[in-house]
Protein chains: 2
Amino acid sequence: MSERRGADLALLLLGGFEAMVEEVVAELERRGHPGVRAAHEFALRAIDDGADSAAELGRRLEVSKQAAAKTIAALEQLGYVAREDDPADARRKRLRVTDRGHEMTAIGQALFDEVRERWARQIGRAELDELQAQLGRLLTTPSSRRRP
Amino acid sequence: MSERRGADLALLLLGGFEAMVEEVVAELERRGHPGVRAAHEFALRAIDDGADSAAELGRRLEVSKQAAAKTIAALEQLGYVAREDDPADARRKRLRVTDRGHEMTAIGQALFDEVRERWARQIGRAELDELQAQLGRLLTTPSSRRRP
DNA sequence: GACGGTTCGACAACCAGGTTGTCGAACACG
DNA sequence: CGTGTTCGACAACCTGGTTGTCGAACCGTC
């Protein structure tokens with residue numbers, strides 16, 4: 001079974017992420033939101049959370065502003081975000097999450113929570129809380145620094 | 001701090017994987033193995049483990065044989081794998097992990113174990129073992145099925 | 001008020017790692 | 001011997017990133 005090797009742990013972490021995302025994306029599609037990618041969800045959340053320009057979104061997601069612009073283009077295409085001229089700064093386009101966008105993030109959030117809930121039932125709520133807390137501890141404390 | 005939301009859990013899982021891989025790849029480069037990608041490590045391990053043809057490697061990694069062939073080409077380029085004619089089957093090219101390849105996987109394995117060891121010191125060995133076991137349980141039991 | 005540096009968004013080229021589809025050659029077998 | 005399968009190769013394409021360059025707009029300073 002699990003061999004307690006570092007490489008196995010890495011694969012388990014990746015597998016866990018993929019399992020969650022795969023399920024959420026599939027269910028989103030079933031509920032009227034086809035074409036959504038995992039990255040879209042998180043980006044839309046960031047926009048809703050105040051990242052109202054491409055450059056700012058890039059900073060939040062720690063990707064280049066060009067990559068952020070591509071994501072925004074996709075979100076706009078899907079009708080999740082609107083780009084409007086900024087009256088105060090002619091360079092900027094102000095990003096606004098549409099109603100449909102809000103609907104999608106709400107569903108997505110709920111779906112992620114559902115998966116988590118199922119996992120909690122499967123291995124025990126306390127155990128999953130503990131797992132998540134330990135992971136959080138590992139990723140916030142020491143080295144493991146992201147791009148400066 | 002950790003909000004115990006499903007989406008947060010997903011990001012933690014991904015973050016954990018990326019943190020491990022990033023560190024291992026960086027250290028591999030420092031130890032004389034530049035240009036190695038995470039996928040290379042796992043692929044090389046699979047080859048060493050008996051996947052001695054492109055098609056077979058594709059099956060093991062659950063990707064198309066074309067994708068596997070690309071990975072093999074990269075590994076050959078880097079000197080980690082050699083392709084030789086199969087005397088018993090003129091269609092096949094037998095894959096063989098070179099000495100340098102074995103060196104790389106050994107170092108990589110050790111580096112993954114080192115990261116895991118550091119994590120174990122950080123949150124406690126029993127706790128990390130538990131985390132890994134729970135994750136394994138989540139990903140092997142119920143739905144979460146991979147491509148058939 | 002003009003100037004220099006910074007920021008914004010756009011565009012192009014590129015890369016990695018996948019995909020599908022097609023192909024010819026080699027093999028396996030009834 | 002023919003038929004079906006498997007192997008590796010090749011081409012075209014997608015996704016999600018990257019870097020570099022650009023003009024336009026903004027801001028601070030002299």
Side-chain angles (χ1 to χ4, degrees), chain A residues 11 14 17-18 21-22 25 29 34-44 46-47 50-78 80-96 146-148, chain B residues 11 14 17-18 21-22 25 29 34-44 46-47 50-78 80-96 146-148:
Chain A
L11 288 178
L14 179 61
F17 172 77
E18 288 185 340
V21 164
E22 181 188 319
V25 167
E29 174 147 24
V36 174
R37 304 245 165 295
H40 294 165
E41 277 231 35
F42 295 106
L44 200 50
I47 294 171
D52 70 332
S53 73
E56 174 59 20
L57 181 61
R59 281 187 292 265
R60 298 247 192 148
L61 301 182
E62 294 179 315
V63 299
S64 64
K65 61 182 178 179
Q66 292 89 333
K70 279 197 195 181
T71 303
I72 291 169
L75 288 173
E76 190 180 17
Q77 167 82 16
L78 290 168
Y80 293 134
V81 91
R83 289 162 68 242
E84 318 168 329
D85 290 345
D86 186 334
D89 185 340
R91 296 168 306 174
R92 293 176 88 123
K93 305 274 183 165
R94 264 189 3 218
L95 301 179
R96 187 176 51 78
R146 316 317 272 134
R147 323 164 174 258
Chain B
L11 287 178
L14 179 60
F17 172 76
E18 288 185 340
V21 164
E22 180 188 319
V25 167
E29 173 147 25
V36 174
R37 305 246 163 293
H40 294 166
E41 276 230 36
F42 296 105
L44 199 51
I47 294 171
D52 70 331
S53 74
E56 174 58 21
L57 181 61
R59 281 188 290 264
R60 298 248 192 148
L61 301 182
E62 293 180 315
V63 299
S64 64
K65 62 182 178 180
Q66 293 89 333
K70 278 197 195 178
T71 303
I72 291 170
L75 288 173
E76 190 181 16
Q77 167 83 16
L78 290 167
Y80 293 135
V81 91
R83 288 163 68 243
E84 318 168 328
D85 289 345
D86 186 334
D89 185 339
R91 296 169 306 175
R92 293 176 89 124
K93 305 274 185 165
R94 265 187 5 217
L95 302 178
R96 188 176 49 80
R146 314 320 272 133
R147 326 168 173 254

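Just so you know, these numbers use all the heavy atoms, side chains as well, and skip hydrogens, waters and symmetry mates. Throughout, a chain's letter reflects where its sequence line sits, starting with A, and its residues are numbered from 1.
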Quiz prompt | Electrostatic pair A:Asp52-A:Arg92, nearest N-O below 4.0 angstrom | solution =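 Yes, charged N to carboxylate O under 4.0 Å.
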
Quiz item: Any ion pair linking A:Lys93 and A:Glu84 (charged N to carboxylate O, less than 4.0 Å)?
Solution: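 A:Lys93 and A:Glu84: not salt-bridged.
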
Exercise. State which of D:dG8, D:dT18, C:dT19 makes the closest approach to the side chain of B:Ala67.
Key: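 Nearest to the side chain of B:Ala67 among the choices is C:dT19.
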
Check: protein-nucleotides 22-27 of chain D nitrogen or oxygen pairs below 3.5 Å:
residue : atom : partner : partner atom : Å
D:dC26  : OP1  : A:Ala90 : N            : 2.6

How close or far is atom [atom2] of [N] from atom [atom1] of [X], stated in whole angstroms?
X	N	atom1	atom2	value
A:Glu56	C:dT6	CD	C1'	16 Å
A:Asp85	C:dA10	CG	P	10 Å
B:Asp86	D:dG8	CG	P	9 Å
A:Gln77	D:dG16	CD	P	13 Å
B:Ile72	C:dG17	CD1	P	14 Å
A:Gln66	C:dC14	CD	C1'	13 Å

[X] versus [Y]: any side-chain heavy-atom pair under 4.5 Å?
X	Y	value
B:His40	B:Leu78	yes
B:Val25	B:Arg37	no
B:Glu76	B:Arg83	yes
A:Arg94	A:Pro87	yes
A:Ile47	A:Tyr80	no

Quiz item: NA contact type, B:Arg83, heavy-atom cut-off 4.0 Å: base, sugar-phosphate, or nothing?
Solution: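 Result for B:Arg83 = sugar-phosphate.
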
Quiz item: What does A:Arg59 touch in the nucleic acid at a heavy-atom separation under 4.0 angstrom: a base, only the sugar-phosphate, or nothing?
Solution: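 Sugar-phosphate: the residue A:Arg59, judged by heavy atoms under 4.0 Å, touches backbone atoms but no base.
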
Exercise. Identify, with sequence neighbours excluded, every residue that meets ring-ring contact (aromatic ring centres under 6.0 Å, His included) alongside B:Phe17.
Key: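 Not a single residue meets the ring-ring contact (aromatic ring centres under 6.0 Å, His included) criterion with B:Phe17.
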
Quiz item: Are B:Ser64 and C:dG18 close enough that a side-chain N or O sits under 4.0 Å from OP1 or OP2?
Solution: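 So the side-chain polar atoms of B:Ser64 never come under 4.0 Å of the phosphate oxygens OP1 or OP2 of C:dG18.
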
Exercise. Look at the side-chain N and O atoms of B:Arg92 and state whether any lies under 4.0 Å from the OP1 or OP2 oxygen of D:dA9.
Key: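 Checking B:Arg92 against D:dA9: no side-chain N or O falls below 4.0 Å of OP1 or OP2.
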
Quiz item: If each of A:Ala38 and B:Lys93 is mapped to the nucleotide of DNA chain D with the nearest heavy atom, which maps nearer the 5' terminus, i.e. the 5' end?
Solution: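 Of the two residues, B:Lys93 wins.
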
Practice problem: Please report the closest heavy-atom contact between A:Leu95 and A:Ala51, naming both atoms and the distance. | Solution: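 Shortest heavy-atom separation between A:Leu95 and A:Ala51 comes out as CD1-O, 4.0 Å.
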
Would you list the protein and nucleotides 12-15 of chain D atom pairs, both N or O, that sit under 3.5 Å from each other?
none

